[in-house]
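The chain is numbered in sequence order, starting from 1. Values reported hereafter were calculated over all heavy atoms of this structure, with side chains retained and with hydrogens, waters and symmetry mates removed.
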Amino acid sequence: QVLPVESGGGSVQAGGSLRLSCAAPANTYTCLTWFRQDPGKERERVAGIFTGGGPPEYGDFVQGRFTISQDNAENTVYLEMRSLKTEDTAMYYCATRTGLACSPDPSLFNTWGQGTQVTVSS
């Protein structure tokens with residue numbers, strides 16, 4: 001089982017940008033999704049990409065601020081985050097699954113990375 005590897009987290013001021021990377025062989029999944037979780041809160045979907053086609057899917061809170069993209073040559077999926085807010089502070093996880101579609105339900109994903117911390121200060 002190949003686990004995704006996240007990178008790119010860090011600390012940034014509100015209004016700033018970060019780019020997260022998730023390294024995962026493209027032939028090991030059909031859906032790759034970024035989730036995030038803050039202590040005491042449920043894990044929520046940030047953005048997902050399905051290799052079978054269709055537009056990426058985003059959590060409602062994203063509101064056009066984030067973009068998920070895939071570079072198959074690099075076996076990497078990126079999450080570009082702009083106009084960051086303090087409420088975006090969380091541990092960000094990359095997860096993959098095989099199946100006929102993506103899903104916002106984290107319980108349907110069986111392969112998870114270790115996570116990368118994003119901290120947004122005011």
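Residues satisfying the side chain to side chain donor-acceptor pair (under 3.5 Å) criterion with Gln37, sequence neighbours excluded, are Arg43. The salt bridge (charged side-chain N to carboxylate O under 4.0 Å, His left out) search around Glu44 returns Arg36, not counting sequence neighbours. With sequence neighbours excluded, the residues that form a salt bridge (charged side-chain N to carboxylate O under 4.0 Å, His left out) with Arg65 are Asp88.
Listed by first and then second residue, the ring-ring contact (aromatic ring centres under 6.0 Å, His included) pairs involving residues 62-84 amount to none (not counting sequence neighbours). Applying the salt bridge (charged side-chain N to carboxylate O under 4.0 Å, His left out) test to residues at least two apart or on different chains, the pairs with a partner in residues 49-62 are Arg45-Glu57. Applying the side chain to side chain donor-acceptor pair (under 3.5 Å) test to pairs two or more places apart or on separate chains, those with a residue in residues 67-77 are Tyr29-Gln70, Thr67-Arg82, Gln70-Asn72.
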How far apart are the C-alpha atoms of Glu87 and Phe61, what are their side-chain angles, what is the distance that settles it, and do they pass the side chain to side chain contact (heavy atoms under 4.5 Å, CB included) test? CA-CA 10 Å; Glu87 51 264 44; Phe61 63 87; over 6 Å; no
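Shortest non-hydrogen contact noted between Thr86 and Ser121 is CG2-C, 3.9 Å. For the residue pair Val77 and Ile68, the shortest heavy atom distance occurs at CG1-CG1, 3.6 Å.
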Would you list the atom pairs, donor with acceptor, under 3.5 Å between side chains in residues 12-28 and any protein atom, with sequence neighbours excluded?
unit_1, atom_1, unit_2, atom_2, d
Thr28, OG1, Pro25, O, 2.6

Identify all side-chain donor-acceptor contacts of residues 95-111 below 3.5 Å with residues at least two apart in sequence or on another chain.
unit_1, atom_1, unit_2, atom_2, d
Arg97, NE, Leu108, O, 3.2
Arg97, NH1, Ala101, O, 2.5
Ser103, OG, Asp105, N, 3.0
Asp105, OD1, Ser107, N, 2.9
Asp105, OD1, Ser107, OG, 2.8
Asp105, OD2, Ser107, OG, 3.0
Thr111, OG1, Gln1, NE2, 3.2

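Phe50 forms part of no hydrophobic cluster, judged by ILVMFWY side-chain heavy-atom separations under 4.5 Å.
Under the 4.5 Å side-chain criterion, counting only non-hydrogen atoms from C-beta, Met81 is in contact with Val118.
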